[in-house]
Every structure is written in structure tokens, then in C-alpha cells.
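Accompanying notes for the structure given below.
Atom set for the values below is all heavy atoms of this structure, side chains included, hydrogens, waters and symmetry mates excluded. If you read the sequence from its start, that first residue is 1, and numbering goes on from there.
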Amino acid sequence: MKAYRLTFDDFVELQNLHLGKKRWILQWASTGIAVAALGRSLWLGPEEYPILQALIFAAILLVCGWVFAPWMQMNRYKKAFAAQERIEEETQIFWDVERVEWKTEGGSVAFSWNDVIEKKVGKNVALLYESPLSMRPVPLRVFEDEDEQARFFAMVTGKVV
């Protein structure tokens with residue numbers, strides 16, 4: 001049995017892993033609109049749609065999409081992390097060839113490897129999904145070495161070594 005405490009950095013990484021490319025939608029949308037505004041100005045000409053106006057509009061969109069939106073997202077992560085009182089509790093994780101189990105002071109959850117429908121592995125955290133929206137984090141620091149980590153993920157994929 002291994003023990004860990006989920007840190008804020010773990011939480012941010014697991015949120016980003018879970019959201020994937022969806023977290024970039026606002027940034028790419030603002031870039032697309034900014035490019036469209038500049039293109040419209042060039043297409044219609046400066047009389048109907050001044051270039052300076054298009055540049056200011058594009059700059060505002062890019063700042064909102066690439067500076068303000070990530071800042072807002074990080075604030076949402078901080079609030080979500082702080083709102084979950086038990087998230088920083090010590091969690092014990094146990095696994096064998098049949099199942100994986102997480103235990104905290106508040107209770108436990110276990111599921112068989114066959115119930116894992118997806119896994120996502122980041123730089124410091126892995127997520128095991130038991131449904132499209134229900135996942136369990138596994139900080140990679142719980143593994144003693146790369147061999148133990150490889151054996152764990154082999155059980156996830158059903159290729160036990």
C-alpha cells in the first residue's frame with residue numbers, strides 16, 4: 001500500500017489532463033476571431049473598416065484569450081481545490097492483479113482493472129477512468145521506480161507482466 005497527498009500542482013495537472021484540448025478553446029477562438037477581424041479589414045479596405053480599429057480589436061481579443069482566460073482558469077482551479085476540504089487528505093492506494101483501491105479517512109473506493117475504460121498519463125499524474133466523467137488520480141511519485149510504474153500500467157491495459 002502506498003500513501004500520497006494530492007497537491008495543488010497535481011490538481012492542476014489532472015484537470016488539464018482531463019480537459020485535454022478543450023481548455024484551449026477560448027484561446028483558439030479568440031485567435032480565429034482576431035484573424036477574421038484583420039482579414040475583414042484588409043478585404044473591405046480601410047475606408048469601411050479601418051486597419052487601426054481592426055488591430056485594436058484583434059489585440060484586445062488576443063489579450064483576453066491568451067492572458068485573461070488562463071488567469072481565470074487558474075483562479076477556478078484554486079477555488080475548486082480550496083473548496084474540497086478532503087482533497088489534501090492522505091490517500092492510500094493499493095493494487096494487485098485484480099483491482100485497484102483508494103482509501104482515505106472518509107472511505108474507500110475500489111474497482112477491478114476491467115472497469116478501467118481509459119487512462120491518461122501526464123508528467124506527474126495519471127488518471128484512471130471508470131466512466132467518461134469519473135476518474136481517479138494516481139500521482140506518479142507513488143511508484144518506487146519505472147519498473148513498478150510499468151507493471152501498474154500493464155495491469156491497466158490487461159497485459160500483466
Side-chain angles (χ1 to χ4, degrees), residues 1-36 58-161:
M1 193 167 285
K2 311 279 183 161
Y4 67 88
R5 291 185 187 275
L6 206 60
T7 66
F8 178 70
D9 290 336
D10 294 335
F11 183 76
V12 169
E13 185 174 348
L14 74 86
Q15 290 295 324
N16 289 338
L17 265 177
H18 178 65
L19 292 172
K21 294 178 184 173
K22 293 177 202 165
R23 71 179 209 269
W24 295 103
I25 289 174
L26 190 58
Q27 284 88 344
W28 290 113
S30 66
T31 302
I33 294 169
V35 168
I60 290 170
L61 283 172
L62 291 173
V63 166
C64 286
W66 290 93
V67 176
F68 190 62
W71 176 79
M72 284 178 27
Q73 187 174 33
M74 191 57 71
N75 277 344
R76 280 195 304 271
Y77 289 165
K78 286 177 184 175
K79 287 179 184 176
F81 187 76
Q84 300 177 48
E85 296 174 7
R86 297 187 141 185
I87 199 165
E88 293 180 86
E89 280 184 359
E90 182 175 274
T91 302
Q92 295 179 336
I93 183 171
F94 166 81
W95 64 88
D96 59 23
V97 293
E98 294 176 15
R99 67 188 172 96
V100 60
E101 180 178 5
W102 289 262
K103 287 184 179 182
T104 65
E105 285 182 22
S108 68
V109 64
F111 50 87
S112 82
W113 294 113
N114 293 333
D115 293 335
V116 178
I117 62 167
E118 182 182 2
K119 76 169 179 172
K120 292 183 181 178
V121 182
K123 211 164 101 176
N124 300 303
V125 178
L127 296 176
L128 300 182
Y129 286 81
E130 54 189 321
S131 79
L133 295 176
S134 177
M135 80 276 196
R136 300 285 169 187
V138 180
L140 299 181
R141 66 181 172 274
V142 302
F143 303 111
E144 291 176 14
D145 54 31
E146 289 181 12
D147 289 338
E148 184 178 42
Q149 184 176 326
R151 287 191 308 275
F152 179 84
F153 289 120
M155 286 186 263
V156 172
T157 58
K159 299 174 183 155
V160 181
V161 259

Nearest-0.5 Å distance, CD of residue Q84 to CD of residue E89: 11.5 Å

For the CG atom of D9 and the CZ atom of F81, what is their distance to the nearest 0.5 Å? 9.0 Å

Compare all side-chain heavy atoms of D96 with those of E101 and state whether any distance is below 4.5 angstrom. no

Residues R136 and E130 bridged, charged N to O under 4.0 Å: yes

Are K2 and E144 side-chain neighbours, meaning at least one heavy-atom pair lies under 4.5 Å? yes

I'd like to know if the side chain of E13 reaches the main chain of K123, judged simply by a donor and an acceptor atom lying under 3.5 Å from each other, with no hydrogens or angles considered. yes

pair L6-L14: side-chain heavy atoms closer than 4.5 Å: yes

CD1 of I87 to CZ of R5: how many Å apart, nearest 0.5 Å? 13.0 Å

Is there side-chain contact between V156 and W113, with heavy atoms separated by less than 4.5 Å? yes

If you look at every heavy atom in R99 and A110, which pair is closest and at what distance? NH1-CB, 4.1 Å

Looking at CD of E148 and CH2 of W95, how far apart are the two atoms once the value is rounded to the nearest 0.5 Å? 4.5 Å

Scanning both residues in full, the closest heavy-atom pair of P137 with V125 reads CB-CG1, 4.4 Å

For the residue pair E90 and A3, what are the closest heavy atoms and their distance? CD-CB, 3.8 Å

For a side-chain contact (heavy atoms from CB on, under 4.5 Å) check, start with the C-alpha distance between V138 and F152, then their side-chain angles and the critical distance, and finish with the verdict. CA-CA 11 Å; V138 180; F152 179 84; 4.2 Å; yes

Before giving the answer on side-chain contact (heavy atoms from CB on, under 4.5 Å), spell out for L17 and M135 the whole-Å C-alpha distance, their side-chain angles and the decisive distance to 0.1 Å. CA-CA 11 Å; L17 265 177; M135 80 276 196; over 6 Å; no

CD of E105 to OG1 of T91: how many Å apart, nearest 0.5 Å? 10.0 Å

Side-chain donor/acceptor of N75 to backbone N/O of M72, under 3.5 Å: no

Taking the side chain as every heavy atom from C-beta outward, state whether L140 and V121 have any pair of such atoms under 4.5 Å apart. yes

Evaluation steps, side-chain contact (heavy atoms from CB on, under 4.5 Å), between H18 and Y129: CA-CA 10 Å; H18 178 65; Y129 286 81; 2.6 Å; yes

Find the distance between OH (Y4) and CH2 (W102) and round it off to the nearest 0.5 Å. 7.0 Å

